[in-house]
Amino acid sequence: MCLETPSLEQASYQYTRAATFTVLQEGLVSFWRSWVWLTDKMSGFGLSSALLSKARSDFSEELVVVLEVFLGRPCSCSSFSLCVFLAFFPSSCAYLCRMNTTKRTLKISNTLSGKKEIFSPLHEGFVGMYVCGPTVYSHVHLGNCRTFTSFDIIYRYLLHLGYRVRYVRNITDVGHLTDDGEDRMARGARINQIEPMEVAQKYTLDFHEMMRTLNNLPPNIEPRATGHILEQIEMVQRILERGYAYERNGSVYFNLRQFSRDYPGVYGQVSGRIMEDLIAESRDDLKSQDEKDHPADFALWMKARPGDLMVWNSPWSVGFPGWHLECSAMSTKYLGQTFDIHGGGVDLKFPHHENEVAQNHGACGCSPARYWIHTNMLQLNGAKMSKSEGNYITPEQLFSGDSPLLSKAYSPMVLRYYFLQAHYASVLDMTDDGLLAAEKAYRKMMEVNKLLQSLPADTTVYDGSESAHDRAILRHIEAAYEGMDDDFNTAIALAHLNELSSYVHKIANRQIPLNDVSPWVIERLKITFRTFLFDIFGLRDETEVAHGNKVVEGLMDLILEIRAAARAQKDWATSDKIRDTLAALGIAVKDSKEGASWTWL
C-alpha cells in the first residue's frame with residue numbers, strides 16, 4: 001500500500017508557507033527595530049510625523065509581502081518602505097535573505113551507500129522518516145536514550161529547515177525472540193506473572209515517560225506490531241507470490257539464496273559486508289533450523305508452539321510474525337513502498353535492517369528507504385555496558401545518583417547536553433568526570449542565553465554600517481548551521497555556540513562596546529541561541545525551574561547587599577567568606593563597576 005503523495009503544487013505551497021513562517025518569526029523583530037531607527041533618523045530631515053507614522057504602518061503591513069518576494073513567491077511590491085530599507089540597510093537585508101530564504105544544503109551519511117550524500121527528499125518539502133522503536137519488555141536503557149534523542153534532534157532540524165515531516169517510530173510488542181527462541185514479551189510476562197499485553201503497556205508507558213523526561217518530541221505515528229498483524233500477513237503473501245519465500249510445516253521462511261541470485265549485491269549493502277560472510281555468520285542452533293532450506297533463511301511467520309501466548313490465525317498456521325517483518329509492513333503502510341529516511345541503532349544493521357531490505361524487495365521489488373542513518377554505541381568508562389560485570393547505569397540511577405559509579409546525580413538535560421557533544425555516528429564514552437564537565441557547560445550555556453536575551457539593541461547609536469564584530473558573529477552563526485547541515489553534527493554546532501558565548505560576555509562586560517555590534521546582529525544572535533538551544537537541540541532551561549524563583553532571587557539580593565556593606569566597611573574577611581561559601585554551593589559572584597551580580601556555576 002503506497003502513501004498518497006501531494007501534487008508538486010501542493011508540496012511547493014506547503015514548503016513556502018513553512019519557510020515564510022520561519023522568516024517572519026526570526027526576522028520581524030530585527031527589521032522592525034531597524035525601521036524604527038530609520039524613521040527616527042529621517043524625522044531630522046524635516047519629514048512630517050504623520051508621514052513617518054504612515055510609513056511605519058505601511059512597513060509593518062507589507063513586511064509579509066516583502067519577505068514573500070524574497071522567498072520567490074509571485075507577488076509585486078513597490079512600497080516606499082522596501083525601497084528605503086534596501087537603500088539604507090543593504091547588508092542586513094542581504095544577510096536575512098541569505099540565512100533564511102536560501103534553501104540550505106543538507107548532507108547525510110548514508111549507510112546504504114557508505115557515503116555522505118546531499119539530501120534530496122522524494123517529494124519536495126516533505127520528509128518521510130521511519131525509526132525502529134523499542135521492544136517493550138523491560139525498562140529503557142541509556143543506549144536507547146542516546147539513539148532516540150539523536151533522532152529527535154534530526155527530526156527537530158528537519159522541521160526547522162521547513163520540511164513537513166511524517167515521523168514514524170514503532171513499538172515492538174511481539175515476535176522479537178531471545179537466543180533460545182522465547183518471545184521477549186512472553187518472557188517478561190512469565191517473569192512478572194502478568195499478561196503479555198500488560199508487559200507491553202507497562203513498558204510502553206515507561207518508555208514514553210523517559211522520552212518526555214529527555215524532552216524528546218513524540219513521533220507523528222507510533223504503530224504497534226500487534227496492531228498490524230493483517231498487514232504483515234499480506235506482505236508475507238506477496239513475498240510468497242513473487243517466489244522469495246517458502247512454507248514449511250506452518251512456518252514461512254524467506255529464501256535468501258534465491259533473493260541473492262535475483263538481486264545480486266543488495267543483501268549486505270546496509271552492513272557493508274558480502275553475502276557469503278553474512279550467511280557464514282548464520283547460527284545453526286536457532287529454532288526450526290531443520291525446517292529451512294538454508295541456515296541463512298529467516299522466518300517471516302512462525303507456527304506457534306504449545307504454550308505460546310501471543311498467537312494469531314494465518315493462511316499457514318496459528319502463529320506469530322517474525323520480528324523483522326513488522327517494520328517492513330508498517331513503514332510501507334504509513335510512508336509508502338519507498339520513503340526518505342530509515343534509522344536505528346548500529347546494532348540493527350545486521351540482521352534486522354538487512355532483512356528489512358530483503359523483505360521489501362521481495363514484496364514489491366524496491367528498496368524501502370533512500371537514506372539509512374545509524375547511531376553508534378554508548379559506552380561506560382571506556383567499555384561496553386554490562387550488568388554482569390558491574391559496568392552499568394540505568395537512567396533512573398543517573399538521575400538519582402544511586403550508583404557507585406557516580407559521584408552525584410545528574411539531570412536529564414545534562415544527559416542530553418552530554419549526547420550533543422558527540423556526533424551521533426561516533427562511539428560516545430560516558431564517565432563521571434565527563435558528566436561533571438557537561439553539567440558545568442550546560443549551566444554556563446543557560447546563563448549565557450539569559451545574559452544575551454537581556455542585552456539591549458541600542459538603535460539610537462546605530463549608523464547602519466557593518467562592523468568587524470558583526471562579521472565575526474555572523475560567521476560563527478553560519479558555521480553553527482553548517483555543522484548541522486553536515487550530517488546533523490551537533491558537536492560542531494555546539495562548539496560555535498560556545499565561541500559566540502565569548503562575544504556575549506565581552507559585549508555584556510563592555511569589552512566590546514555595544515555600539516560596535518549592529519542591533520540587527522544582536523537580535524540575530526538572540527534568535528540563534530534560542531533556536532539552537534531550545535528548538536533544535538531540544539534543551540530545557542532547568543536552572544529556571546530549579547533556581548529561578550523569587551525566593552532564591554530575593555535571598556541572593558539580600559546576601560549581596562550584606563556583602564556590599566561588608567566591602568564598604570573594608571571587612572574583606574566577611575566579603576570573601578560569603579563569596580567562597582556561595583561558590584561551594586555552585587554560585588559565582590562577579591564584581592564590576594556597576595556592583596555585584598551572581599550566576600550559577
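Values reported hereafter were calculated over all heavy atoms of this structure, with side chains retained and with hydrogens, waters and symmetry mates removed. It should be emphasised that the depicted structure is a prediction, and the values quoted were computed from it without experimental measurement.
Nearest heavy atoms, H353 versus C132: NE2-SG, 3.2 Å. Closest of all the heavy-atom pairs between P412 and L214 is O-CD2, 3.8 Å. Heavy atoms only, all atoms of each residue included: V414 and E542 are closest at N-OE1, 4.3 Å. Between S150 and Y424 the shortest heavy-atom distance is OG-CB, 3.8 Å. Residues L335 and G128 approach most closely at CD2-CA, 3.8 Å, considering heavy atoms. A pairwise comparison of heavy atoms in C145 and M210 identifies SG-CG, 3.8 Å as the closest pair.
A donor-acceptor pair is defined here as one N or O able to donate and one able to accept, closer than 3.5 Å; such a pair exists between the side chain of T111 and the backbone of W372. For the pair K526 (side chain) and L455 (backbone), a donor-acceptor distance under 3.5 Å is present. Checked by atom type and distance alone, the side chain of N391 pairs as donor or acceptor with a backbone atom of K384 at under 3.5 Å. Of the possible polar contacts, one joining the T338 side chain to the S367 backbone as a donor-acceptor pair under 3.5 Å is found. Checked by atom type and distance alone, the side chain of S454 pairs as donor or acceptor with a backbone atom of L451 at under 3.5 Å. Side-chain atoms of D535 do not come within 3.5 Å of backbone N or O of R156 as any donor-acceptor pair. Distance alone, capped at 3.5 Å, is enough to place a donor-acceptor pair between the D429 side chain and the N381 backbone. When atom types are taken as modelled, the side chain of N110 and the backbone of R370 share a donor-acceptor pair closer than 3.5 angstrom. With N489 contributing its side chain and I492 its backbone, the two residues share a donor-acceptor pair below 3.5 Å.
A salt bridge links R212 with E209: the closest approach of a Lys/Arg side-chain nitrogen to an acidic carboxylate oxygen falls below 4.0 angstrom. Ionic pairing of E478 and R104 is present here: one or more N-O contacts between side-chain nitrogen and carboxylate oxygen are shorter than 4.0 angstrom. A salt bridge between E447 and K450 is present, with a side-chain N of the basic residue lying under 4.0 Å from a carboxylate O of the acidic one.
Counting only heavy atoms from C-beta outward, the side chains of L406 and L398 approach each other to under 4.5 Å. Side-chain contact between L112 and V270 is present, with at least one heavy-atom pair separated by less than 4.5 Å. You'll find the side chain of S518 reaches within 4.5 Å of the side chain of D470, heavy atoms only. Side-chain contact between M445 and L494: present, with at least one pair of heavy atoms (C-beta onward) separated by less than 4.5 Å. Counting heavy atoms from C-beta on, the side chains of V521 and L474 come closer than 4.5 Å.
Looking at N216 and R416, their side chains do bring a donor and an acceptor atom within 3.5 Å of each other. No side-chain donor-acceptor contact under 3.5 Å links D152 and Y167. With no hydrogens or angles considered, no side-chain donor-acceptor pair links E482 and H496 at under 3.5 Å. Looking at E396 and H139, their side chains never bring a donor and an acceptor atom within 3.5 Å of each other.
Note on ring orientation: taking the six-membered ring where Trp is involved, the planes of F148 and F207 are perpendicular (angle over 60°, cut-offs 30° and 60°). The aromatic rings of Y157 and F488 sit perpendicular to each other, their planes meeting at more than 60°, with 30° as the lower class boundary. Relative ring orientation between F532 and F537 is described as perpendicular, the plane-to-plane angle rising above 60° on a 0-90° scale split at 30° and 60°. Aromatic ring orientation, F339 versus Y130: tilted (interplanar angle from 30° to 60°).
No more than 12 heavy atoms of other residues, nucleotides or ligands sit less than 6.0 Å from atom NZ of K115. Other residues, nucleotides and ligands place more than 12 heavy atoms under 6.0 Å from the NZ atom of K349.
For T490, there are no side chain to side chain donor-acceptor pair (under 3.5 Å) partners two or more places apart in sequence or in a different chain.
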Could you go through S467 and D516, starting from their C-alpha distance and side-chain angles, then the distance that decides it, and tell me whether this counts as side chain to side chain donor-acceptor pair (under 3.5 Å)? CA-CA 6 Å; S467 69; D516 278 5; over 6 Å; no
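Results of the side chain to side chain contact (heavy atoms under 4.5 Å, CB included) test with L533 over N449, T528, D541 single out N449 as the only residue that passes.
Identified under the salt bridge (charged side-chain N to carboxylate O under 4.0 Å, His left out) test for residues 487-508, with sequence neighbours left out: none.
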